[in-house]
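This report concerns only the one structure given below.
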Amino acid sequence: MKCLNPKRYIKPQKAVKILKEHGQEVSYEQAELILDFMYKFGQLAIDIYVPKDEKGDENRTL
């Protein structure tokens, strides 16, 4: 399975390790699916809560 964005901070190998430390055994493929879901969900949350200006650019004031 191919990651949607190769510049992600968490790689599937790291996710497998983190989840194993917390008692959850997952395969590499399952970790990829979990990360894809998490990144999509995160992008959805940003799209909902961060307003965009007229050009479509995110208008962040942090």
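- For the side chain to side chain contact (heavy atoms under 4.5 Å, CB included) test, residues two or more places apart in sequence or in another chain that qualify with Glu25 are Lys20.
- Looking only at side-chain heavy atoms (C-beta outward), Gln43 and Ile46 come within less than 4.5 Å of each other.
- The NZ atom of Lys11 lies 10.5 Å from the CD atom of Glu32; values are rounded to the nearest 0.5 Å.
- Qualifying ring-ring contact (aromatic ring centres under 6.0 Å, His included) partners for Tyr9, counting only residues two or more places apart in sequence or in other chains: none.
- Under the 4.5 Å side-chain heavy-atom criterion for Ile, Leu, Val, Met, Phe, Trp and Tyr, Leu33 and Val16 are members of distinct hydrophobic clusters.
- For Tyr49, the ring-ring contact (aromatic ring centres under 6.0 Å, His included) criterion is met by no residue, not counting sequence neighbours.
- Ala15 meets the side chain to side chain contact (heavy atoms under 4.5 Å, CB included) test with Ile10, Ala31, Leu35; sequence neighbours excluded.
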